[in-house]
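In the text below, chain A, chain B and the rest are named by the order of the sequence lines, each starting its count at 1.
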2 protein chains.
Amino acid sequence: MSTKQSKNNLYLTTFTQHIGAKGLTEVTENANDPRIVRTMHMLREALLELMEEHGFERITVKDITSKAGLNRGTFYLHFADKFDLLERITEDMMQGLRKIAQTFDPLDLVMHESRDTPFPFTVRLFEYFGKHARFFSVMLGPKGDPAFSVKFKEFMQVHLMDKFNEFHYSDDRMPVPWDYLMAYLISAHLGIVQYWLEQGRDYTPWDIALMFTRMTQLSPIQSAGLKK
Amino acid sequence: MSTKQSKNNLYLTTFTQHIGAKGLTEVTENANDPRIVRTMHMLREALLELMEEHGFERITVKDITSKAGLNRGTFYLHFADKFDLLERITEDMMQGLRKIAQTFDPLDLVMHESRDTPFPFTVRLFEYFGKHARFFSVMLGPKGDPAFSVKFKEFMQVHLMDKFNEFHYSDDRMPVPWDYLMAYLISAHLGIVQYWLEQGRDYTPWDIALMFTRMTQLSPIQSAGLKK
DNA sequence: CCCTAAAATGAACTTTGTGTTGATTAATGA
DNA sequence: TCATTAATCAACACAAAGTTCATTTTAGGG
């Protein structure tokens, strides 16, 4: 009773260790705590690995925690469910993209397109994709989340395409409606990102960015170098 | 015992009413039986409606059958699980696409592109998308299945793009690698389909097909009619 | 080094959906 | 009319979800 220095903290044990399936982001965790950092990292990595293999749909919380080597209860200490986890990862990545987007200047583009050099902003984006290749590769791939592709497109729309709104004529003078042209270009660029990741990044960000410059200036037929 | 004409079929009751979670497509049903036709139809419609609302991931077999007004057991009479159901619907739609693809002739394209008229093959495709708008709209949208987008791209690759392989120069003479150009174009076209469905089909198949013709011939900058 | 706050663990429990089974009822079509 | 077969119903074992609480482990400031 005295040798073991007793349990004098019995009446002061931990409160509210739990998140609750509803209160999704009401958590104010100490993000500096190395235990939390580690846990988060393990869970994120485990989720991406499992998604790569089976797709988000087929994964259970049990799978995630056992791959992460953590207790299932620990998961619920931080996230309401697997959707919550995915959202948090996604939001972080989008933050990263938005930060890069701040450096974007449309006038820069005009300068570079006339001299067959890649647009530096595009290079920076691809460097980011490369840095987080696993995430983007999974999320934009066949096992990924189609809602993320939409998010990504919205990002391009707002941060890139909308900057050029002022430069085009009124709709009746255009060969193709403005909004359809935007849909075309955004999806085309997304397609390049997907293909590049799929191929294991066989070109440098610089090379890819140069392709963008060229494909924007040439018609598809010219880009193909088709024999007539 | 005699008034009710008895149960003389007791020893001949139905065998193997069930599919089994593994034997996915081992079923040889009489697809003409109106009961089956009706059941299939109800299940398909229910699935699409629910996907539109909550996405495939959030749906349970219970949801599907209760929306379809059927017994849950009936579902398992025809499908192993919800994935199986989705696959069957998808396969049917792809069949429809392949059938249209048979009518494709690349030489046709050369004829039409020089006179600013839509490519009839493209018109036919969009008529099909329109006819099955709910399916394509859901599956290619944010609540859909990213694997289907990939399937769809492969379809375009095989049935459209590969036909032009012979017409291009060797890679070192091209402004952009051939495979990247294909990824760009395929994704761009997919994007138009998605956008068109999203907008509630605000143009006719003919109009959309004409946009394709033009965007293939003009550079994005020309398509935009950008002020210099 | 010790001690406290907080994170992680482990075990139990309820609930919900799954996939299966066998018996019964209802519809089809020859 | 009647044999066949689809659909229904009720019951089952099972797996994972989400929650709770007591206990153990860890981090880091005094």
Is the distance from OP1 or OP2 of C/dA8 to the nearest side-chain N or O of A/H78 less than 4.0 Å?
-> yes
Taking CG from A/D63 and P from D/dA17, how many angstroms apart are they, rounded to a whole number?
-> 8 Å
note: B/Y76, atom OH; C/dG22, atom P; distance rounded to Å ~ 18 Å
Is the closest side-chain donor-acceptor distance between B/D63 and B/T60 under 3.5 Å?
-> yes
Take the protein atom CZ of B/F79 and the nucleotide atom P of D/dA6, then report the distance between them rounded to whole Å.
-> 13 Å
Would you tell me whether B/D202 and B/W196 have side-chain atoms, one donor and one acceptor, within less than 3.5 Å of each other?
-> no
Distance in angstrom units between B/R72 CZ and D/dA6 P, rounded = 20 Å
Hey, does the Lys NZ or Arg CZ of A/R88 hover above the aromatic six-ring of A/F83, less than 6.0 Å from the centre and inside 45° of the axis?
-> no
Separation of D/dA16 atom P from A/K62 atom NZ, nearest Å, is 5 Å
Under 4.0 Å between a side-chain N or O of B/T74 and OP1 or OP2 of D/dT8?
-> yes
Output a table of nitrogen or oxygen pairs between the protein and nucleotides 26-28 of chain C separated by less than 3.5 Å.
residue : atom : partner : partner atom : Å
C/dA27  : N3   : B/R35   : NH1          : 3.1

Round to a whole Å and report the spacing from CG of A/N71 to P of D/dT23.
-> 16 Å
Find the distance B/I36:CD1 to D/dA7:P and express it as a whole number of Å.
-> 6 Å
Could you walk me through whether B/H54 and B/K143 pass side chain to side chain contact (heavy atoms under 4.5 Å, CB included), step by step?
-> CA-CA 7 Å; B/H54 311 111; B/K143 306 278 185 62; over 6 Å; no
Output yes when a side-chain donor or acceptor of B/K82 lies under 3.5 Å from a complementary backbone atom of B/I59, and no otherwise.
-> yes
Distance in angstrom units between A/F75 CZ and C/dT9 P, rounded | 14 Å
May I ask you to check whether B/Y195 and A/Y180 place their ring centers less than 6.0 Å from one another?
-> yes
